Amino acid sequence: MSTEEHPSKKMKMDEKVIGTHNGTFHCDEALAVFLLKRTKAYAEAGLKRTRDPAVLNTCDIVVDVGGVYDEKTQRFDHHQRGFEEVFGHGFTTKLSSAGLVYKHFGREIIANRLNASPEDAKIETLWLKLYKEFIEAIDAIDNGISQYPSDLKPRYRVRTDVSSRVGFLNPRWNESVDAQTVDAKFLQASALVGTEFLDRLDYYANAWLPARDLVLAGLNKRKEVDPSGRIILFEQFAPWKEHLFELEENLAIPDAEKPIYVLYPDETASNWRIQAVPIDPESFESRKALPEQWRGVRDDALSQLSGVEGCIFVHASGFIGGNKTKEGVLRMANLALNM
C-alpha cells in the first residue's frame, strides 16, 4: 500500500490503483476497498491512501474522498453537497462509500464468491438481502442517520457493532504513530469488516437461501396437507418465519389462505412440533394460538383432553406444542383450526 507520506512504495506500471483518504479510517471505506478487491477489475489493484487531489487523479478508482460520485470515471464519494444517492428497491438510507461500491459491484462480488452466473436469480436475492442485513447499517452510521427519532433516549449504548469495532482499530489520540502504522491498521480494519461480510454472505447463500427454498416448496404444497391451505408441513426443520412472511407478500397470498400452523420435526429429538404463525416475524402474538383449553397441559393428560395420541405439551401461551408423531401434530392442527 502507498500513501503520500511514503512515495518510495511504487506501484507496478500496469497495476490498477484504488484510492481512498489517509488518516482516521471508518468502516465504510474499509469495506469498500475490501469489496473492490473481490472484483475482476480490481482484484490485483494496489492501494493509495491520500487526500492529495493530484495523487487521487492517478488512481483508477477512488472511494470516500474527492467530492465526486460518477460511475463512468469510477469516483465513489458521498460527502459532497447535494449527494442523496440511495440503494433503491425500497431502501431510502443515503449511501456511504460502502453502499456505493456494493450497489455497483455487489452482484459481481456475490457471483464470484459463489462461482455462479451474475444472471442467476439467487444473486439478486442475496444482493438485496446483504444490503438489508449488513451494508445499510454501515451506510446509516457513517452518514449519522439514527435508527429511531432523536427525541427517544436509548436505554443502553451499543459499541459492539462492526462500525464501532473498526473505529476502535484507529490509533489512540495520544499514541504516537506514523502513516505506515495507520495504513497497516487500515488493512486490519478492512480485513475485519470484509471477513464478516463474506461470512454473512456464505451463511445466506448456504443456509438462509436453502431454507427459503424449503419454505417456498411448503407453501406451494400446503393444500396437499390440508385443503384449506392453512397448514404447512416441513419434513425437516428449517428457520421459516422470515421467509414465510416475505414469500406470502411476493406470492400475494390472500389473508384467508395464509398459513395458521407450521408443522416440523424437532431439531434434536425424534418428535414433532406444531407452531402457530405469529402476526409478524417479531411478534409474540399468533394469527391463531393453539386452543386455550390445551395450553399448559402435558403428556397423557393432553392426549386425553384433545383426543390425539402421543401429545407431549402445549405451551402456556399457545404458540407451540409437540407430539411424538407427524400424524399426531397434523391431527392437532386440524382440530385447532376448527376450535
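Just the heavy atoms: all of them, side chains too, but no hydrogens, waters or symmetry mates, feed the values below. As the structure is a computational prediction, the values presented were derived from the model and not from experiment.
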Flag the pair [X] / [Y] as yes when their ring centroid distance falls below 6.0 Å, and as no otherwise.
X      : Y      : result
Phe319 : Phe284 : no
His89  : Tyr131 : no
Phe197 : Phe34  : no
Phe87  : Trp127 : yes

Salt bridge (charged side-chain N to carboxylate O under 4.0 Å, His left out) pairs, two or more places apart, involving residues 293-319: none
For the atom pair [atom1] ([X]) and [atom2] ([Y]), what is the distance rounded to the nearest 0.5 Å?
X      : Y      : atom1 : atom2 : answer
Ile135 : Lys129 : CD1   : NZ    : 13.5 Å
Asn271 : Thr325 : CG    : OG1   : 9.5 Å
Leu35  : Ile18  : CG    : CD1   : 10.0 Å
Ser96  : Ile141 : OG    : CD1   : 10.0 Å
Ile109 : Ile123 : CD1   : CD1   : 11.5 Å
Leu247 : Ile253 : CG    : CD1   : 7.5 Å

Steps toward salt bridge (Lys or Arg N to Asp or Glu O under 4.0 Å) verdict (Arg75, Asp70): CA-CA 5 Å; Arg75 266 45 186 170; Asp70 184 356; over 6 Å; no
Can you get from [X] to [Y] by hopping between Ile, Leu, Val, Met, Phe, Trp and Tyr side chains that sit under 4.5 Å apart?
X      : Y      : value
Ile232 : Val215 : yes
Leu244 : Trp208 : no
Leu192 : Tyr203 : yes

Electrostatic pair Glu248:Arg287 at N-O distance under 4.0 angstrom: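 A salt bridge is present here (some side-chain N lies under 4.0 Å from a carboxylate O).
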Check ion pair Glu246-Arg212 (N to O, under 4.0 angstrom): yes
Nearest heavy atoms of [X] and [Y], plus distance in Å:
X      : Y      : answer
Pro210 : Asn206 : CG-O, 3.4 Å
Asp60  : Val17  : OD2-N, 2.7 Å
Ile279 : Phe245 : O-CE2, 3.5 Å
Ala211 : Ala238 : CB-CB, 4.1 Å
Lys40  : Asn112 : N-ND2, 4.2 Å
Leu330 : Val225 : CD1-CG1, 3.7 Å

Test log, rule side-chain hydrogen bond (donor to acceptor under 3.5 Å, both in side chains), inputs Asp52 and Thr50: CA-CA 6 Å; Asp52 185 341; Thr50 179; 5.2 Å; no
[X] atom [atom1]: more than 12 heavy-atom contacts under 6.0 Å:
X      : atom1 : value
Lys324 : NZ    : no
Glu44  : CD    : no
Gln147 : CD    : no
Gln80  : CD    : yes

With side chains defined as the heavy atoms from C-beta onward, is the minimum distance between [X] and [Y] less than 4.5 Å?
X      : Y      : value
Pro259 : Ile231 : no
Tyr148 : Pro154 : yes
His243 : Leu216 : no
Leu337 : Asp226 : yes
Asn22  : Val182 : no
Asp77  : Val62  : no
Lys326 : Leu263 : no
Phe76  : Asp64  : no

Pair Asp28-His26, side-chain hydrogen bond (donor to acceptor under 3.5 Å, both in side chains): steps then yes or no: CA-CA 6 Å; Asp28 69 314; His26 304 97; 4.7 Å; no
Stepwise salt bridge (Lys or Arg N to Asp or Glu O under 4.0 Å) test for Glu108 and Arg38: CA-CA 9 Å; Glu108 178 197 347; Arg38 270 70 197 166; over 6 Å; no
Identified side-chain contact (heavy atoms from CB on, under 4.5 Å) partner of Asp139 from the options Val86, Leu100, Ile145, Thr93: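 Exactly one pass, corresponding to Thr93.
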Intermediate values then yes/no, salt bridge (Lys or Arg N to Asp or Glu O under 4.0 Å), Glu257 and Lys223: CA-CA 10 Å; Glu257 295 183 11; Lys223 291 189 177 180; 3.6 Å; yes
Arg49 to Phe186 six-membered ring, cation-pi geometry met (6.0 Å, 45°): yes
Ring-face cation contact, Phe105 with Arg107, 6.0 Å cut, 45° max: no
Residues Glu235, Tyr264; criterion side-chain hydrogen bond (donor to acceptor under 3.5 Å, both in side chains); working and verdict: CA-CA 6 Å; Glu235 293 290 349; Tyr264 54 87; over 6 Å; no
Is a donor from one side chain sitting under 3.5 angstrom from an acceptor on the other, for [X] and [Y]?
X      : Y      : answer
Glu29  : His21  : yes
Glu119 : Ser117 : yes
Tyr102 : Glu136 : no
Asp266 : Thr268 : yes
His78  : Asp142 : yes

